[in-house]
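What follows is a single structure, written as structure tokens, with notes after it.
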Amino acid sequence: MTATLVNEASRGAAVSPGRERARRSRRRARIIALLFVFPALLLLGALVVYPVLFSVGRSFFDASGTRFVGGENYAEMFRDPATLKAIRNTTIWVVVAPALLTGLGLILAVLVEKVRWATAFKLLLFMPMAVSFLAAGIIFRLAYDEDPDKGVLNAAVVSVHDAFQGTSTYPTARARDGQGLTKAADGSYRATASASPGEALTLGLVGVLPDDLPGGAEPAYEAAGRKAGADELRGVVYLDFTPGGGGEQGKVDRRESGLPEMTVEAVRAGKTVATATTAADGSFRFEGLDEGSYTVKLPASNFAAPYEGISWLGPTLVTPAIIGAYLWIWAGFAMVLIGAGLSALPRDALEAARMDGANEWQIFRRITVPLLAPVLTVVFVTLVINVMKVFDLVYIIAPGPVQEDATVLATQMWLVSFGGGNNQGLGSALGVLLLLLVIPAMVLNVRRFRGSQR
């Protein structure tokens, strides 16, 4: 018995130094790990934790930071119309942009698999991610310019509109007072005196620069001298202006040009009974008219202002326009992530579905999308976090007059704090609100990552 106890005691004495060395080794490893992690923790505390805590504390003080106001800044947020508009716009961003991007990324990822040059196509779509938000904002600010000579989108819209609707030739033309034409409420011009078949009219207009005349315009002097037949009503529409000066108002001089391509109507009893288009010398004629008096009319379409396109950066469309720029930048990101998940799908399931007679749409809807659900969720939540913090595009693309119509929480926080409001108490409260909105999405994303690792 005594020998057994001695043996156990000697065995314990032999084991304890080994355990002690292992314990020391683990302690040394923890210290070394802490030494390596300490710089990162220090930066995290200085750049993230301290600013968050400072902002939370600052949100309970007034604009000067000297008087404690409690929750007054938080109450003011929901009384300020600009802040309420920022919350509304942020909600639009969160609802629209991530859903569109996730759907667009899924479609592009599936289609790219069918493209022969898939790598080049992915590179092309991902390239906007290499452009800074500042540069992208400037690009789209120019693209959305309302002037068709500057904005590429409005240039395309105007070209399509003019191809189908046409455009007026003389938007600046007008008649002189007391020279035989009277302007109606709808913008058209009517001859002051009625005319009957067998008569000829001269209708003079001004306000058209000689350089703006259509190509091929000819002098109207000879056309004005022609007489009308017994069953026709004719006349000439001309520019009542002599280059270089001279001439007599209300009469067609030798150097005065006709106005071609202008629509002329003969009206009787309030109804248009005949229509004509002026020739190169401005002449027109109506044949086969019944006896009686007619009013010659120049419709308002001759003088309509040219179509200028769409006000992309107006109060109504500014937020959708900025979301469009955001989609251009981030579509490649969504496509690449979803494409990576798509490449990891089990091909045997897809091939089995094809062998069972499923078409591509059924495979996409019932197999591809359900299997990609975890990846789609990660992409969607990541984009939700990103759009809540969007600042650059909104601040750069939205012009000053509509900045308030496009503002989101991030821009409103900056405007209130530094952009003229100088109320850092209210700005800090907006920052805390933005943090509280982002945290649930961040927690969900972290849980998804942990679940995928398991």
Side-chain angles (χ1 to χ4, degrees), residues 146-149 154-155 158-159 161-195 199-226 228 233-268 270 272-286 294-309:
E146 195 167 349
D147 185 355
D149 293 331
N154 263 347
V158 169
S159 298
H161 174 274
D162 291 348
F164 289 95
Q165 294 290 335
T167 182
S168 63
T169 310
Y170 306 101
T172 60
R174 67 184 189 281
R176 284 196 178 102
D177 293 337
Q179 294 296 322
L181 284 173
T182 304
K183 188 173 184 179
D186 61 356
S188 63
Y189 284 95
R190 296 171 183 261
T192 306
S194 299
E199 297 183 14
L201 300 176
T202 55
L203 306 176
L205 296 173
V206 293
V208 181
L209 294 176
D211 292 340
D212 293 338
L213 289 171
E218 299 176 0
Y221 182 76
E222 291 186 7
R226 298 191 189 109
L233 175 61
R234 67 181 308 144
V236 61
V237 184
Y238 69 103
L239 179 61
D240 193 10
F241 173 80
T242 303
E248 182 179 349
Q249 292 184 9
K251 290 187 177 182
V252 183
D253 296 308
R254 289 188 176 276
R255 290 189 296 157
E256 291 179 342
S257 174
L259 297 179
E261 303 173 16
M262 181 168 284
T263 302
V264 187
E265 296 177 351
V267 180
R268 186 173 188 180
T272 301
V273 296
T275 303
T277 302
T278 56
D281 56 2
S283 62
F284 64 90
R285 65 176 180 171
F286 303 108
Y294 296 85
T295 300
V296 176
K297 174 184 175 182
L298 302 178
S301 58
N302 293 311
F303 315 103
Y307 181 69
E308 295 292 340

Interatomic spacing from CG in Leu259 to OG1 in Thr278 - rounded to 0.5 Å
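Nearest 0.5 Å value for the CG-OG1 distance: 7.0 Å.
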List the residues meeting side chain to side chain contact (heavy atoms under 4.5 Å, CB included) with [X], not counting sequence neighbours, and say none if there are none.
X	result
Asp149	Asp147
Asp253	Thr242, Glu256
Pro214	Thr169, Tyr170, Pro260, Glu261

Check side-chain hydrogen bond (donor to acceptor under 3.5 Å, both in side chains) between [X] and all other residues, then give those that pass, not counting sequence neighbours.
X	result
Arg174	none
Arg234	Glu232
Thr182	Thr192
Glu265	Thr272

Give the minimum heavy-atom separation between [X] and [Y], together with the two atoms involved.
X	Y	value
Arg254	Pro219	O-CB, 3.8 Å
Lys251	Tyr238	N-OH, 3.4 Å
Val252	Tyr221	O-CD1, 3.4 Å
Ala217	Leu213	CB-CB, 4.4 Å
Ala224	Thr202	CB-CG2, 4.2 Å
Val208	Thr172	CA-OG1, 4.3 Å

Which pairs, with at least one residue in residues 237-247 and sequence neighbours excluded, count as a salt bridge (Lys or Arg N to Asp or Glu O under 4.0 Å)?
Arg176-Asp240
Run the side-chain contact (heavy atoms from CB on, under 4.5 Å) check on Val237 and Leu201 step by step: do they pass?
CA-CA 8 Å; Val237 184; Leu201 300 176; over 6 Å; no
With Phe286 via ring pair (Phe, Tyr, Trp, His ring centres under 6.0 Å) - residues at least two apart:
Phe284
Set of residues satisfying ring pair (Phe, Tyr, Trp, His ring centres under 6.0 Å) with respect to Phe241, sequence neighbours excluded
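None.
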Could you pull out every donor-acceptor pair under 3.5 Å between side chains of residues 184-191 and any protein atom, sequence neighbours left out?
residue, atom, partner, partner atom, Å
Asp186, OD1, Ser188, N, 3.1
Asp186, OD1, Ser188, OG, 2.7

Would you list the atom pairs, donor with acceptor, under 3.5 Å between side chains in residues 296-305 and any protein atom, with sequence neighbours excluded?
residue, atom, partner, partner atom, Å
Asn302, OD1, Thr263, N, 3.0
Asn302, ND2, Thr263, O, 2.8
Asn302, ND2, Pro299, O, 3.2

Can you find a pair of side-chain heavy atoms, one from Glu308 and one from Asn154, that are under 4.5 Å apart?
no
